[in-house]
2 protein chains.
Amino acid sequence: MQMDAVDQRIIALLVADARSSYAEIGARVSLSAPAVKRRVDRLRADGVIKGFTAVIEPAAVGWTTEAFVELFCTGRTTPAQITVATRRHPEVVGAYTVSGQADALVHLRAADIGHLEQALERLRAEPFVTSTRSMVVLSRLVETPTAVPL
Amino acid sequence: MQMDAVDQRIIALLVADARSSYAEIGARVSLSAPAVKRRVDRLRADGVIKGFTAVIEPAAVGWTTEAFVELFCTGRTTPAQITVATRRHPEVVGAYTVSGQADALVHLRAADIGHLEQALERLRAEPFVTSTRSMVVLSRLVETPTAVPL
DNA sequence: GCTGAAAGAATAATCTC
DNA sequence: GAGATTATTCTTTCAGC
(Lines give C-alpha, C1' and ligand atoms only; values in the text may rest on other atoms or scores of the structure.)
Protein backbone atom coordinates (compact mmCIF):
# COMPACT_ATOMS: atom_id res chain seq x y z
CA MET A 1 0.00 0.00 0.00
CA GLN A 2 2.30 2.75 -1.20
CA MET A 3 0.92 6.20 -1.94
CA ASP A 4 2.51 8.81 -4.13
CA ALA A 5 2.09 12.58 -4.22
CA VAL A 6 -0.73 12.32 -6.76
CA ASP A 7 -2.73 10.06 -4.43
CA GLN A 8 -2.29 12.62 -1.66
CA ARG A 9 -3.53 15.43 -3.86
CA ILE A 10 -6.52 13.34 -4.93
CA ILE A 11 -7.32 12.65 -1.27
CA ALA A 12 -7.01 16.34 -0.40
CA LEU A 13 -9.40 17.24 -3.24
CA LEU A 14 -11.93 14.63 -2.11
CA VAL A 15 -11.71 15.82 1.49
CA ALA A 16 -12.44 19.35 0.24
CA ASP A 17 -15.37 18.15 -1.90
CA ALA A 18 -16.38 14.51 -1.97
CA ARG A 19 -18.80 15.10 -4.83
CA SER A 20 -16.37 16.54 -7.35
CA SER A 21 -16.13 14.49 -10.53
CA TYR A 22 -13.18 12.34 -11.56
CA ALA A 23 -12.72 14.57 -14.60
CA GLU A 24 -12.50 17.67 -12.39
CA ILE A 25 -9.97 16.00 -10.07
CA GLY A 26 -8.08 14.71 -13.10
CA ALA A 27 -7.77 18.23 -14.50
CA ARG A 28 -6.12 19.34 -11.25
CA VAL A 29 -3.69 16.43 -11.01
CA SER A 30 -3.06 16.06 -14.76
CA LEU A 31 -4.66 12.66 -15.20
CA SER A 32 -7.61 11.30 -17.16
CA ALA A 33 -10.87 10.56 -15.37
CA PRO A 34 -10.49 6.76 -15.57
CA ALA A 35 -6.98 6.99 -14.11
CA VAL A 36 -8.34 9.00 -11.18
CA LYS A 37 -11.16 6.50 -10.67
CA ARG A 38 -8.73 3.58 -10.56
CA ARG A 39 -6.64 5.35 -7.94
CA VAL A 40 -9.70 6.20 -5.85
CA ASP A 41 -10.94 2.60 -6.12
CA ARG A 42 -7.53 1.37 -4.94
CA LEU A 43 -7.44 3.89 -2.06
CA ARG A 44 -10.88 2.72 -0.95
CA ALA A 45 -9.91 -0.94 -1.19
CA ASP A 46 -6.78 -0.22 0.86
CA GLY A 47 -8.82 1.51 3.56
CA VAL A 48 -7.09 4.85 3.10
CA ILE A 49 -10.40 6.39 2.06
CA LYS A 50 -12.97 4.95 4.46
CA GLY A 51 -15.98 6.52 2.76
CA PHE A 52 -17.70 9.72 1.73
CA THR A 53 -20.02 11.65 3.97
CA ALA A 54 -22.07 14.82 4.17
CA VAL A 55 -20.98 17.33 6.80
CA ILE A 56 -24.09 18.37 8.70
CA GLU A 57 -24.67 21.29 11.04
CA PRO A 58 -25.71 19.38 14.18
CA ALA A 59 -27.96 22.19 15.40
CA ALA A 60 -29.96 22.00 12.18
CA VAL A 61 -30.96 18.41 12.88
CA GLY A 62 -31.85 19.14 16.47
CA TRP A 63 -28.54 18.30 18.14
CA THR A 64 -27.80 21.51 20.06
CA THR A 65 -25.81 20.22 23.04
CA GLU A 66 -22.42 18.62 23.05
CA ALA A 67 -20.04 17.40 25.74
CA PHE A 68 -16.76 15.62 26.30
CA VAL A 69 -16.80 13.21 29.21
CA GLU A 70 -13.76 11.65 30.84
CA LEU A 71 -14.43 8.11 32.01
CA PHE A 72 -12.68 6.63 35.02
CA CYS A 73 -12.99 2.86 34.97
CA THR A 74 -12.39 -0.14 37.20
CA GLY A 75 -8.97 -1.80 36.99
CA ARG A 76 -9.85 -4.65 34.67
CA THR A 77 -11.76 -2.66 32.02
CA THR A 78 -10.71 -3.42 28.41
CA PRO A 79 -10.96 -1.06 25.43
CA ALA A 80 -13.31 -3.62 23.82
CA GLN A 81 -15.72 -3.32 26.76
CA ILE A 82 -15.72 0.47 26.46
CA THR A 83 -16.30 0.22 22.71
CA VAL A 84 -19.28 -2.09 23.08
CA ALA A 85 -20.78 -0.03 25.89
CA THR A 86 -20.37 3.36 24.23
CA ARG A 87 -21.72 2.14 20.89
CA ARG A 88 -24.96 1.25 22.64
CA HIS A 89 -25.59 4.94 23.30
CA PRO A 90 -26.65 6.81 20.16
CA GLU A 91 -25.44 10.08 21.71
CA VAL A 92 -21.81 8.90 21.53
CA VAL A 93 -20.16 10.30 18.41
CA GLY A 94 -16.58 9.63 19.51
CA ALA A 95 -14.77 7.52 22.07
CA TYR A 96 -11.06 7.14 22.75
CA THR A 97 -8.88 5.43 25.33
CA VAL A 98 -6.40 7.96 26.63
CA SER A 99 -3.29 8.30 28.72
CA GLY A 100 -3.47 10.44 31.86
CA GLN A 101 -5.78 10.27 34.82
CA ALA A 102 -8.87 9.26 32.89
CA ASP A 103 -9.15 5.96 31.05
CA ALA A 104 -11.35 7.12 28.20
CA LEU A 105 -12.74 10.27 26.63
CA VAL A 106 -16.25 10.19 25.18
CA HIS A 107 -17.74 12.78 22.85
CA LEU A 108 -21.52 13.13 23.20
CA ARG A 109 -24.13 14.99 21.19
CA ALA A 110 -27.65 15.46 22.52
CA ALA A 111 -30.78 17.40 21.70
CA ASP A 112 -30.58 19.60 24.82
CA ILE A 113 -29.19 19.67 28.34
CA GLY A 114 -31.93 17.37 29.62
CA HIS A 115 -31.15 14.80 26.97
CA LEU A 116 -27.42 15.14 27.68
CA GLU A 117 -28.03 14.54 31.37
CA GLN A 118 -30.01 11.40 30.54
CA ALA A 119 -27.27 10.09 28.27
CA LEU A 120 -24.67 10.82 30.93
CA GLU A 121 -26.69 8.95 33.55
CA ARG A 122 -26.91 5.95 31.24
CA LEU A 123 -23.15 6.07 30.64
CA ARG A 124 -22.44 6.32 34.36
CA ALA A 125 -24.63 3.28 34.93
CA GLU A 126 -22.23 1.10 32.92
CA PRO A 127 -20.79 -1.36 35.46
CA PHE A 128 -17.13 -0.57 34.75
CA VAL A 129 -17.50 3.21 35.16
CA THR A 130 -16.34 4.39 38.56
CA SER A 131 -16.67 8.11 37.92
CA THR A 132 -16.87 10.74 35.21
CA ARG A 133 -15.79 14.32 34.63
CA SER A 134 -17.77 16.33 32.09
CA MET A 135 -16.97 19.28 29.91
CA VAL A 136 -20.04 20.74 28.25
CA VAL A 137 -19.20 22.41 24.94
CA LEU A 138 -20.01 26.12 25.01
CA SER A 139 -18.94 26.82 21.42
CA ARG A 140 -17.38 24.91 18.59
CA LEU A 141 -14.40 27.02 17.49
CA VAL A 142 -12.68 24.68 15.03
CA GLU A 143 -13.77 21.40 13.49
CA THR A 144 -11.99 20.28 10.34
CA PRO A 145 -12.25 17.03 8.44
CA THR A 146 -9.04 14.97 8.49
CA ALA A 147 -6.56 17.26 6.80
CA VAL A 148 -4.09 15.69 4.41
CA PRO A 149 -0.51 16.92 4.38
CA LEU A 150 0.35 18.38 0.98
CA MET B 1 -35.81 26.80 7.15
CA GLN B 2 -38.22 23.97 7.92
CA MET B 3 -37.25 20.40 7.27
CA ASP B 4 -39.60 17.50 6.79
CA ALA B 5 -39.07 13.78 7.22
CA VAL B 6 -37.98 13.38 3.59
CA ASP B 7 -35.21 15.95 4.07
CA GLN B 8 -34.00 14.02 7.11
CA ARG B 9 -33.92 10.77 5.17
CA ILE B 10 -32.02 12.45 2.33
CA ILE B 11 -29.50 13.80 4.84
CA ALA B 12 -29.10 10.38 6.46
CA LEU B 13 -28.48 8.81 3.03
CA LEU B 14 -25.88 11.46 2.16
CA VAL B 15 -24.14 11.03 5.51
CA ALA B 16 -23.95 7.29 4.79
CA ASP B 17 -22.64 7.88 1.27
CA ALA B 18 -22.00 11.37 -0.04
CA ARG B 19 -21.38 10.10 -3.56
CA SER B 20 -24.67 8.34 -4.12
CA SER B 21 -26.62 9.71 -7.07
CA TYR B 22 -29.79 11.78 -6.82
CA ALA B 23 -31.61 9.02 -8.70
CA GLU B 24 -30.51 6.44 -6.13
CA ILE B 25 -31.59 8.64 -3.24
CA GLY B 26 -34.81 9.42 -5.05
CA ALA B 27 -35.61 5.74 -5.38
CA ARG B 28 -35.29 5.35 -1.61
CA VAL B 29 -37.41 8.37 -0.72
CA SER B 30 -39.90 8.04 -3.62
CA LEU B 31 -38.93 11.21 -5.46
CA SER B 32 -37.49 11.99 -8.88
CA ALA B 33 -33.81 12.89 -9.20
CA PRO B 34 -34.45 16.59 -9.89
CA ALA B 35 -36.71 16.83 -6.84
CA VAL B 36 -33.92 15.37 -4.68
CA LYS B 37 -31.42 17.79 -6.18
CA ARG B 38 -33.61 20.77 -5.39
CA ARG B 39 -33.94 19.66 -1.78
CA VAL B 40 -30.19 19.09 -1.47
CA ASP B 41 -29.49 22.50 -3.03
CA ARG B 42 -31.85 24.09 -0.53
CA LEU B 43 -30.31 22.21 2.42
CA ARG B 44 -26.86 23.40 1.32
CA ALA B 45 -28.04 26.99 0.89
CA ASP B 46 -29.61 26.86 4.36
CA GLY B 47 -26.36 25.61 5.90
CA VAL B 48 -27.88 22.34 7.07
CA ILE B 49 -25.50 20.44 4.79
CA LYS B 50 -22.15 22.18 5.17
CA GLY B 51 -20.37 20.15 2.50
CA PHE B 52 -19.26 16.72 1.40
CA THR B 53 -16.00 15.15 2.45
CA ALA B 54 -13.97 11.97 2.20
CA VAL B 55 -13.40 10.10 5.46
CA ILE B 56 -9.70 9.28 5.65
CA GLU B 57 -7.83 6.86 7.87
CA PRO B 58 -5.41 9.33 9.54
CA ALA B 59 -2.68 6.71 9.98
CA ALA B 60 -2.68 6.10 6.22
CA VAL B 61 -1.67 9.68 5.53
CA GLY B 62 1.02 9.69 8.22
CA TRP B 63 -0.99 11.05 11.15
CA THR B 64 -0.42 8.37 13.79
CA THR B 65 -0.64 10.36 17.02
CA GLU B 66 -3.62 12.14 18.46
CA ALA B 67 -4.32 14.01 21.68
CA PHE B 68 -6.93 16.07 23.47
CA VAL B 69 -5.54 19.03 25.38
CA GLU B 70 -7.37 21.05 27.98
CA LEU B 71 -6.41 24.70 27.89
CA PHE B 72 -6.42 26.87 31.00
CA CYS B 73 -6.38 30.53 30.02
CA THR B 74 -5.92 33.95 31.57
CA GLY B 75 -9.03 35.72 32.83
CA ARG B 76 -9.66 37.98 29.86
CA THR B 77 -9.30 35.40 27.08
CA THR B 78 -12.09 35.45 24.49
CA PRO B 79 -13.29 32.54 22.35
CA ALA B 80 -12.25 34.57 19.29
CA GLN B 81 -8.67 34.73 20.55
CA ILE B 82 -8.60 30.97 21.07
CA THR B 83 -10.08 30.41 17.61
CA VAL B 84 -7.46 32.57 15.91
CA ALA B 85 -4.61 31.04 17.89
CA THR B 86 -5.62 27.42 17.41
CA ARG B 87 -6.28 27.85 13.69
CA ARG B 88 -2.66 28.89 13.27
CA HIS B 89 -1.55 25.39 14.24
CA PRO B 90 -2.16 22.86 11.46
CA GLU B 91 -2.22 20.04 14.03
CA VAL B 92 -5.48 21.38 15.51
CA VAL B 93 -8.44 19.45 14.07
CA GLY B 94 -10.95 20.55 16.70
CA ALA B 95 -11.30 23.25 19.34
CA TYR B 96 -14.13 23.97 21.75
CA THR B 97 -14.76 26.28 24.66
CA VAL B 98 -16.06 24.22 27.56
CA SER B 99 -17.59 24.50 30.98
CA GLY B 100 -15.69 23.05 33.91
CA GLN B 101 -12.20 23.67 35.15
CA ALA B 102 -10.61 24.09 31.73
CA ASP B 103 -11.52 26.93 29.39
CA ALA B 104 -11.05 25.08 26.12
CA LEU B 105 -10.50 21.60 24.75
CA VAL B 106 -8.26 21.18 21.71
CA HIS B 107 -8.06 18.08 19.53
CA LEU B 108 -4.63 17.59 17.93
CA ARG B 109 -3.33 15.20 15.28
CA ALA B 110 0.39 14.80 14.66
CA ALA B 111 2.75 12.55 12.75
CA ASP B 112 4.29 11.07 15.90
CA ILE B 113 4.95 11.78 19.56
CA GLY B 114 7.81 14.15 18.73
CA HIS B 115 5.62 16.15 16.42
CA LEU B 116 2.84 16.18 19.02
CA GLU B 117 5.25 17.49 21.64
CA GLN B 118 6.32 20.27 19.26
CA ALA B 119 2.73 21.25 18.55
CA LEU B 120 1.94 21.23 22.25
CA GLU B 121 4.91 23.48 23.00
CA ARG B 122 3.74 25.93 20.35
CA LEU B 123 0.23 25.91 21.82
CA ARG B 124 1.56 26.46 25.33
CA ALA B 125 3.55 29.42 24.04
CA GLU B 126 0.33 31.28 23.17
CA PRO B 127 0.27 34.30 25.52
CA PHE B 128 -3.18 33.60 26.99
CA VAL B 129 -2.43 29.96 27.92
CA THR B 130 -1.58 29.58 31.59
CA SER B 131 -1.41 25.79 31.66
CA THR B 132 -2.51 22.65 29.83
CA ARG B 133 -3.52 19.10 30.64
CA SER B 134 -3.04 16.51 27.90
CA MET B 135 -4.67 13.21 27.12
CA VAL B 136 -2.83 11.27 24.43
CA VAL B 137 -5.18 9.01 22.47
CA LEU B 138 -4.23 5.35 22.86
CA SER B 139 -6.95 4.01 20.57
CA ARG B 140 -9.88 5.38 18.64
CA LEU B 141 -12.88 3.27 19.70
CA VAL B 142 -15.74 5.14 18.06
CA GLU B 143 -15.81 7.98 15.55
CA THR B 144 -19.04 8.53 13.64
CA PRO B 145 -20.03 11.30 11.26
CA THR B 146 -22.85 13.49 12.55
CA ALA B 147 -25.71 11.05 12.90
CA VAL B 148 -29.15 12.23 11.88
CA PRO B 149 -32.16 11.28 14.00
CA LEU B 150 -34.56 9.18 11.96
C1' DG C 1 -1.37 5.24 -18.14
C1' DC C 2 -4.58 6.79 -22.44
C1' DT C 3 -8.58 6.91 -25.70
C1' DG C 4 -13.29 5.85 -27.25
C1' DA C 5 -17.95 4.35 -26.76
C1' DA C 6 -22.17 2.97 -24.15
C1' DA C 7 -24.80 3.51 -20.08
C1' DG C 8 -26.01 6.38 -16.56
C1' DA C 9 -26.25 10.89 -13.97
C1' DA C 10 -26.63 15.95 -13.53
C1' DT C 11 -28.92 19.89 -14.74
C1' DA C 12 -31.98 23.40 -16.76
C1' DA C 13 -36.33 24.26 -18.90
C1' DT C 14 -40.98 23.28 -19.10
C1' DC C 15 -45.35 21.54 -17.62
C1' DT C 16 -48.82 19.82 -14.03
C1' DC C 17 -50.91 19.49 -9.68
C1' DG D 1 -44.76 25.85 -3.69
C1' DA D 2 -43.28 21.21 -4.91
C1' DG D 3 -42.81 17.52 -7.93
C1' DA D 4 -42.61 15.03 -12.76
C1' DT D 5 -40.95 14.86 -17.40
C1' DT D 6 -38.09 15.82 -21.11
C1' DA D 7 -33.76 16.97 -23.48
C1' DT D 8 -28.97 18.25 -23.39
C1' DT D 9 -24.62 17.94 -21.48
C1' DC D 10 -21.40 15.80 -18.58
C1' DT D 11 -19.79 11.54 -15.89
C1' DT D 12 -18.96 7.11 -15.06
C1' DT D 13 -17.31 2.94 -16.43
C1' DC D 14 -15.56 -0.74 -19.27
C1' DA D 15 -13.25 -2.00 -23.15
C1' DG D 16 -9.00 -2.24 -25.99
C1' DC D 17 -4.45 -0.27 -26.64
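Each chain gets a letter, A, B and so on, in the order its sequence line appears, and its residues count up from 1.
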**OP:** Give me the bend of the helix from C/dG1-D/dC17 to C/dC17-D/dG1, using the axes of the five pairs at each end, rounded to 10°.
**Re:** 30°
Suppose we screen for side-chain contact (heavy atoms from CB on, under 4.5 Å). Which residues come up paired with [X], at least two apart in sequence or across chains?
| X | result |
| --- | --- |
| B/Thr83 | A/Leu141, B/Arg87 |
| B/Val93 | A/Thr144, B/His107, B/Arg109 |
| A/Ala27 | none |

Side chain to side chain donor-acceptor pair (under 3.5 Å): which pairs involve [range], sequence neighbours left out?
| range | result |
| --- | --- |
| residues 23-38 of chain A | A/Lys37-A/Asp41 |
| residues 128-137 of chain B | A/Glu70-B/Arg133, B/Glu70-B/Arg133, B/Arg124-B/Thr132 |
| residues 46-56 of chain A | A/Lys50-B/Glu57 |

Subject >> Smallest separation among heavy atoms of B/Asp112 and B/Thr65, with atom names >> reply: CA-OG1, 3.1 Å
**OP:** Check DNA chain D against residues 20-28 of chain B and give the residues with a non-hydrogen atom under 4.0 Å, in numerical order.
**Re:** none
Original post:
Under a single-linkage definition using a 4.5 Å side-chain heavy-atom cutoff for Ile, Leu, Val, Met, Phe, Trp and Tyr, are A/Ile56 and A/Val137 assigned to the same hydrophobic cluster?
Top reply: no
Contacts under 3.5 angstrom, residues 10-20 of chain B side chains, donor-acceptor by atom type, not counting sequence neighbours:
from    : atom 1 : to      : atom 2 : distance (Å)
B/Asp17 : OD1    : B/Arg19 : N      : 2.9
B/Arg19 : NH1    : A/Ala18 : O      : 2.7
B/Arg19 : NH1    : A/Ser20 : O      : 2.9
B/Ser20 : OG     : B/Asp17 : O      : 2.9

Subject >> Note, B/Gln81 side chain near B/Cys73 side chain (heavy atom, < 4.5 Å) >> reply: no
Subject >> Test item: B/Leu123 and B/Leu108 side chains (from C-beta on) under 4.5 Å apart, heavy atoms >> reply: yes
**OP:** Rounded to the nearest angstrom, tell me the gap between atom CZ in B/Arg44 and atom P in C/dT11.
**Re:** 10 Å
Original post:
Looking across every strand, which nucleic acid part, if any, lies under 4.0 Å from A/Arg39 by heavy atom: base, sugar-phosphate, or nothing?
Top reply: sugar-phosphate
Subject >> Annotated protein contacts, base or backbone, on nucleotides 12-17 of chain C with a non-hydrogen cut-off under 4.0 Å, one of B, S, - each >> reply: B-----
**OP:** Please find the earliest and latest nucleotides of DNA chain D, in the 5' to 3' direction, that have an atom within less than 4.0 Å of any heavy atom of chain B.
**Re:** D/dA2 to D/dT12
**OP:** Keeping to residues at least two apart or across chains, list the salt bridge (Lys or Arg N to Asp or Glu O under 4.0 Å) pairs with something in residues 75-84 of chain A.
**Re:** none
**OP:** Tell me, with the steps shown, if B/Val106 and B/His89 meet side chain to side chain contact (heavy atoms under 4.5 Å, CB included).
**Re:** CA-CA 11 Å; B/Val106 176; B/His89 305 274; over 6 Å; no
Subject >> Any A/Ser32 side-chain N or O less than 4.0 Å from OP1/OP2 of C/dC2 >> reply: yes
